[in-house]
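Please read the structure below before turning to the comments.
Chain letters run A, B, ... following the sequence lines, proteins first, then strands; residues in each count from 1.
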Amino acid sequence: MEAKRQITESFGHSPAHQALLRAGSRIRPLQQAHAHIVVSGSHRSLALLTKLLTSACTAGSIGYAHRLLYSVPNPDAFLFNSLVKASSSSGFAIDTVFFYHRMRRCRVSPSSYTFTSVIKACADLSSLGLGKCVHSHALACGYGSDRFVQAALVTLYAKSGDLGGARTVFDDMSERTVVAWNSMISAYEQNGCSREAIGMFYRMRDRSVQPDSTTFVSVLSACSQLGALSLGCWVHDYVVNNGLDVTVALGTSLINMYARCGNMSKAQEVFDLMNERNVVTWTAIISAYGMHGYGSQAMELFHQMKARGSRPNNVTFVAVLSACAHSGLVQEGRREYASMSQEYGLVPGVEHHVCLVDMLGRAGLLDEAYKFINELNHVEQAPAVWTAMLGACKMHKNFDLGVEVAERLLAVEPDNPGHYVMLSNIYALAGRMDRVEMVRNKMIRRRLKKQVGYSTLEVDQKTHLFSMGDKSHLETNAIYQYLDELIWRCREAGYVPAPDSVLHELEEEEREYALRYHSEKLAVAFGLLKTSHGTTIRIVKNLRICEDCHLAIKYISIVTNREIIVRDRLRFHHFKDGHCSCLDYW
DNA sequence: ATAGGGTTAG
């Protein structure tokens, strides 16, 4: 060891090389080292130039890297591979593709390493065309069966939205490593196919491939989307019992899973036990409290986060502003919106504008919300912002403004059925049934269908799905009978069904029936039938809960003395003793 | 004297 060091020191690094090593990835010292290299005449040393180039990439100075490359007389494979790798892992995807092209033009042969980096760059760009082109090069160069290249290809196709392409590459693999499985599970999960992601996970276990922390990050995300609490808990147990490394990503995914499956105390428990937290972790817990309607806890955590030195980013502010919106924290919301740009130099995007309009709108400050939108520039006045405004108009029964906003929206997005439904609701509330009919006819002419609502719940680790008026369930008769009995008991306790303002494509006499058998009511009835007293009922619904169901479930929580938790498209409703955690403010 | 991979959280 001692002798070896002697040799390196005496053989010595030239002053230029030493300067290069000392510089690390700081740009000024790198430029000085560059000067040393030129002055000492070692500017033909590909080794030194390679080091300089990769350091420039990691320093974030991609322009400098480009200029340097032009000054290299005959770049070799080593230099190109280093450059492709460094630029790709520093997030300069377009530049990686450019360097790869240079490499080919210089007739330098790419290796399997080159391809993994270039394919990752194409994946970052979500560029299917570019990716397919590189894929064919890889095949031509004989790297089609390299497991690293293949795993990267799975991700490339997944991120470009081509699940079929991802699956083809995956199915063609002769040897599937845990990373390959992780890529495919994540591919499904990222594309909203949670069931398929979980199916893949089971297949992986059938093939006796040991899952790792990364596997579970994706599996837990799938559980979060589905509200699959029992599988989520199983994963948590597995992680603990098998001593798996609880990385920041895994911990954050656990928090998110518990929160989105309705168990806030477990989410908090995981958060408390984590020894490392980053901005994503903080954002997850803030967003969790916000979704559950605990706005002040969310704000408390936000302040803690800042006090502990984590810097909030754009996503954090979406969580904060939406927490304010759902809890009526208007003052705080206004203040944090301002601090976003003033203190953190962040540029508010459409999603922040939506939160702010939503917050002002819910609080009944329609004029302020309207003024806020009108002060945005033309590009910023996105449909989503107007949609939030429209929701506020409906909530506060401002018919004139509502109709104006809806028509504006329909002009921009004539094929969005949601806008028609909202407009027809507003007309119905205003008693303009002629207009309701007109909107309905317009929808029919355009062949637009409103989204089908469904609710799911787990009983004994099995998921049951219900849709409106659904009779496909095996125990349909018992469920409907029990629901009728429940509603009758609720009526005795004072429940009066809310008037139906929802647009139906049904005939008149079917409307009462449809309202009465909304998917969430069916799911609640089934849950009550199938579980013992003291068990909390947890429902996941794909759309917003309707006013009548909200009211009915409050009464159901009284007459059955049960706690019922409903997650709708946007947030949670905890029903207990006739009250809802949203305070009817949703 | 220069590099060494693919998968993951809000």
*Could a donor-acceptor pair under 3.5 angstrom be found where the side chain of A:Ser253 meets the base of B:dA9?*
no

*asked:* Between the base of B:dG10 and the side chain of A:Asn313, is one N or O donor paired with an acceptor at under 3.5 angstrom?
replied: yes

Applying a 4.0 Å non-hydrogen cut-off, can you work out what [X] is touching in the nucleic acid: base, sugar-phosphate, or nothing?
{"X": "A:Ser112", "result": "base"}
{"X": "A:Thr54", "result": "sugar-phosphate"}
{"X": "A:Val279", "result": "base"}
{"X": "A:Ser117", "result": "nothing"}
{"X": "A:Val178", "result": "nothing"}

*Stepwise, does the side-chain hydrogen bond (donor to acceptor under 3.5 Å, both in side chains) test hold for A:Tyr258 with A:Gln268?*
CA-CA 9 Å; A:Tyr258 278 123; A:Gln268 179 68 53; over 6 Å; no

_Please confirm whether the ring centroid of A:His352 lies under 6.0 Å from the ring centroid of A:Phe317._
no

*Side-chain donor-acceptor pair under 3.5 Å between A:Asn314 and A:Thr316, yes or no?*
no

Under 3.5 Å, which donor-acceptor pairs link side chains of residues 60-67 of chain A to any protein atom two or more places apart or in another chain?
unit_1, atom_1, unit_2, atom_2, d
A:Tyr64, OH, A:His34, ND1, 2.9
A:His66, NE2, A:Asp95, OD1, 2.7

_Between A:Ser183 and B:dG6, is there a contact of a side-chain N or O with OP1 or OP2 at under 4.0 Å?_
no

_Phosphate OP1/OP2 of B:dG10 contacted by A:Asn256 side-chain N/O (<4.0 Å)_ = yes

I'd like a table of donor-acceptor pairs (distance under 3.5 Å, sequence neighbours excluded) in which one partner is a side-chain atom from residues 123-133 of chain A, with atom names and distances.
unit_1, atom_1, unit_2, atom_2, d
A:Asp124, OD2, A:Lys120, NZ, 3.0
A:Ser126, OG, A:Lys159, O, 3.3
A:Ser127, OG, A:Leu130, N, 3.3

*Min side-chain heavy-atom separation A:Glu380-A:Val350 under 4.5 Å*: no

*Ring-on-base stacking between A:Phe148 and B:dG5, under 5.5 Å between centres and under 30° between planes: is it there?*
yes

_Nucleic acid contacts of residues 75-89 of chain A, taken as heavy-atom distances under 4.0 Å to DNA chain B_ = A:Phe78, A:Asn81, A:Ser82, A:Lys85

